[in-house]
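Here is the structure we will look at.
Quick note: numbers below take in every heavy atom, side chains included, and nothing from hydrogens, waters or symmetry partners.
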Amino acid sequence: MQKSLTQLFFTKTGKSATKWEQYLSIYEVELGPYLVRGAPVSILEIGVQNGGSLELWGDYLPAGSRIIGIDIDPKVGELTFANPLISAHVQDATDAAGIDDLLQHQDFDIIVDDGSHLCSHVKQSFDILFGRLKPGGKYIIEDLHTSYFDTFEGGYLEPGSSIEWIKSLGDALNLDYFQADPRLDAPTRERMRALNAAIGRVSMYDSVAVIEKLRSEKTRPYRRLCAGETSSVVPMTDWLYGTSLEGLQTVMFGFPAARVADGLLARKLHAANHEIVELKLALERANRELSELKDERSS
């Protein structure tokens with residue numbers, strides 16, 4: 001029977017590891033689906049220390065999982081592991097060229113940032129490594145409480161702090177609904193568009209954020225869905241008639257709902273055509289009256 005991460009942590013021998021108590025349940029929620037599938041996964045962890053967390057992942061994740069740790073401490077290069085699928089390397093996560101040399105074409109199901117926690121490093125590491133996250137993968141950032149400390153380049157509502165940057169990922173997630181805003185320049189919108197196409201979820205826990213990658217790139221805004229036939233409280237016409245033609249093209253109706261919408265739009269079109277005819281007749285009458293008035297004045 002699979003042991004829980006909590007059980008594995010508190011019965012662990014070998015290399016030491018430290019985690020905040022809330023992290024164990026967070027990881028059980030976020031990594032649980034990988035255990036259910038049972039297929040080997042790949043994980044990259046920034047921040048190795050003594051190597052205990054790498055061993056913990058090896059015990060917890062499905063058999064055959066590949067676990068790589070990177071750290072700037074030279075002593076990390078001397079660590080050895082009984083599990084041949086676990087390795088630790090001396091590498092700075094903010095060094096893009098070094099990362100490319102080390103990892104080559106490798107990508108990962110899970111990336112964990114438990115590195116320096118400096119706000120600038122958190123963002124730099126994400127910019128370098130998020131592209132190596134597999135579709136549907138999870139990028140997990142630990143110890144975000146440090147982004148409230150000035151010693152980690154942070155502070156409450158401090159521009160550039162890790163927390164404020166993660167909030168901006170939430171903005172990117174909802175970019176399709178932005179109205180025109182002079183504060184949003186073209187380069188910023190372009191960066192947000194790239195994130196909007198790639199990110200499926202941003203979840204916040206106490207001191208932990210999880211950024212989940214979409215399984216396939218998003219190429220268009222999500223559509224509004226409409227189902228059912230009866231609207232006795234809020235009539236379908238309330239939003240249907242106020243939606244532009246362009247907006248209607250993004251709505252997906254269930255078959256019964258489509259029949260109702262077709263009927264409503266047909267009646268609306270018929271009424272509009274009738275109104276156009278009436279307006280034309282009124283215009284013709286007004287033109288005749290104007291012509292008669294001109295004739296009277298000229299005589």
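In this structure, Ser161 OG and Tyr156 OH are separated by 11.0 Å, a value rounded to the nearest 0.5 Å. Rounding to the nearest 0.5 Å places CG of Leu54 at 7.5 Å from CD1 of Ile67. If you take OH on Tyr148 and CG on Leu157, they are separated by 8.5 Å, rounding to the nearest 0.5 Å. Atoms CZ and OG, on Phe9 and Ser53 in that order, are 9.5 Å from each other to the nearest 0.5 Å. In this structure, Leu31 CG and Leu5 CG are separated by 7.5 Å, a value rounded to the nearest 0.5 Å. For the atom pair CD1 of Ile68 and CG of Leu102, the computed distance is 7.0 Å after rounding to the nearest 0.5 Å.
When side chains are defined from C-beta on, Tyr34 counts as touching Lys138, because their heavy atoms get closer than 4.5 Å. Side-chain contact between Met204 and Val210: absent, with no pair of heavy atoms (C-beta onward) separated by less than 4.5 Å. Arg259 is not listed as a side-chain neighbour of Phe253, based on a closest heavy-atom distance of 4.5 Å or more. In this structure, the side chains of Val122 and Ile141 come closer than 4.5 Å at one or more pairs of heavy atoms. Proximity of Ile166 to Leu144: side-chain heavy atoms (C-beta onward) are separated by under 4.5 Å at one or more points. Residues Ile110 and Val112 form a side-chain contact, since some pair of their non-hydrogen atoms from C-beta on lies under 4.5 Å apart. Considering only heavy atoms from C-beta on, Lys294 stays 4.5 Å or farther from Ser291 through its side chain. Here the side chains of Val208 and Tyr27 are not in contact, with every heavy-atom distance at 4.5 Å or above.
Residues Asp73 and Val90 come closest through the heavy atom pair O-CG2, 3.7 Å. Nearest heavy atom pair, residue Leu79 against residue Ala88, reads CD1-CB, 4.5 Å. Across all non-hydrogen atoms, the minimal contact from Gly160 to Cys119 is O-CB, 3.6 Å. Nearest heavy atom pair, residue Ile70 against residue Ala93, reads CD1-CB, 3.9 Å. The two atoms that bring Ala257 and Met236 nearest to each other are O-CE, 4.4 Å, heavy atoms only. Considering every non-hydrogen atom in both Asp143 and His117, the closest pair reads OD2-NE2, 2.9 Å.
Follow the hydrophobic side-chain contacts under 4.5 Å out from Leu133 and you reach Ile99 in the same cluster. Note on Ile111 and Ile72: separate hydrophobic clusters, where clusters join Ile, Leu, Val, Met, Phe, Trp and Tyr whose side-chain heavy atoms are under 4.5 Å apart, directly or indirectly. Follow the hydrophobic side-chain contacts under 4.5 Å out from Leu35 and you reach Ile43 in the same cluster. Cluster membership check: Ile26 does not share its hydrophobic cluster with Leu169, using side-chain heavy-atom separations under 4.5 Å among Ile, Leu, Val, Met, Phe, Trp and Tyr.
Within a 6.0 Å sphere centred on CG of Leu24, other residues, nucleotides and ligands contribute more than 12 heavy atoms. Remark: Trp20 CH2 is loosely packed, at most 12 non-hydrogen atoms of other residues, nucleotides or ligands lying under 6.0 Å away. For Glu21, the CD atom counts as loosely surrounded, since its 6.0 Å shell holds 12 or fewer non-hydrogen atoms of other residues, nucleotides or ligands. Remark: Gln104 CD is packed, more than 12 non-hydrogen atoms of other residues, nucleotides or ligands lying under 6.0 Å away. The environment of CE in Met252 is sparse: at most 12 heavy-atom neighbours from other residues, nucleotides or ligands sit within 6.0 Å. By the neighbour-count criterion of 12 heavy atoms within 6.0 Å, atom NZ of Lys167 is densely surrounded, having more than that number from other residues, nucleotides or ligands.
Partners of Asp109 according to the salt bridge (charged side-chain N to carboxylate O under 4.0 Å, His left out) rule, which considers only residues two or more places apart in sequence or in another chain, are Lys134. Listed by chain and number, the residues in a salt bridge (charged side-chain N to carboxylate O under 4.0 Å, His left out) with Arg267 amount to none (sequence neighbours excluded). Shown here are the side chain to side chain contact (heavy atoms under 4.5 Å, CB included) partners of Asn273, two or more places apart in sequence or in another chain: Leu269, Ile276. Listed by chain and number, the residues in a ring pair (Phe, Tyr, Trp, His ring centres under 6.0 Å) with Phe126 are Phe130, Tyr139, Trp165 (sequence neighbours excluded). For Arg215, the side chain to side chain contact (heavy atoms under 4.5 Å, CB included) partners are Arg37, not counting sequence neighbours. Every residue two or more places apart in sequence or in another chain that forms a salt bridge (charged side-chain N to carboxylate O under 4.0 Å, His left out) with Asp181 is listed here: Arg183. The salt bridge (charged side-chain N to carboxylate O under 4.0 Å, His left out) check on Lys213 picks up nothing, with sequence neighbours excluded. Residues forming a side-chain hydrogen bond (donor to acceptor under 3.5 Å, both in side chains) with Gln2 (at least two apart in sequence, or on another chain): none.
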What's the verdict on side chain to side chain contact (heavy atoms under 4.5 Å, CB included) for Ile199 and Leu214, showing C-alpha distance, side-chain angles and the deciding distance? CA-CA 5 Å; Ile199 294 176; Leu214 288 167; 5.9 Å; no
Candidate pair Leu283 and Asn287, rule side chain to side chain contact (heavy atoms under 4.5 Å, CB included), full reasoning: CA-CA 6 Å; Leu283 182 61; Asn287 285 332; 3.8 Å; yes
Evaluate the criterion side chain to side chain contact (heavy atoms under 4.5 Å, CB included) for residue pair Leu240 and Leu248; output intermediate values, then yes/no. CA-CA 8 Å; Leu240 188 63; Leu248 286 174; 3.6 Å; yes
Quick one, Arg191 with Leu195, criterion side chain to side chain contact (heavy atoms under 4.5 Å, CB included). Give me CA distance, side-chain angles, the key distance, then yes/no. CA-CA 7 Å; Arg191 288 194 298 272; Leu195 292 169; 5.6 Å; no
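Listed by first then second residue, pairs satisfying side chain to side chain donor-acceptor pair (under 3.5 Å) with a partner in residues 118-127 read Ser116-His121, Ser120-Glu153, Lys123-Asp127, not counting sequence neighbours. Within the structure, the side chain to side chain donor-acceptor pair (under 3.5 Å) test picks out the following pairs touching residues 55-67 (sequence neighbours left out): Lys12-Glu55, Glu45-Trp57, Arg66-Gln106. For the side chain to side chain donor-acceptor pair (under 3.5 Å) condition, the pairs that include at least one residue of residues 87-101, sequence neighbours left out, are Ser87-His89, Asp92-Thr94, Asp100-Arg132. Identified under the salt bridge (Lys or Arg N to Asp or Glu O under 4.0 Å) test for residues 216-228, with sequence neighbours left out: Asp176-Lys218.
Between Leu129 and the options Leu103, Asp107, Asp113, a side chain to side chain contact (heavy atoms under 4.5 Å, CB included) holds for only Leu103. Considering Glu30, Gln22, Glu142 as possible partners of Tyr205, the one that fulfils the side-chain hydrogen bond (donor to acceptor under 3.5 Å, both in side chains) test is Glu30.
Under the 6.0 Å distance and 45° angle rule, Lys15 counts as a cation-pi partner of Phe81.
For Asn196 (side chain) and Leu173 (main-chain N/O), a donor-acceptor pair under 3.5 Å exists by modelled atom type.
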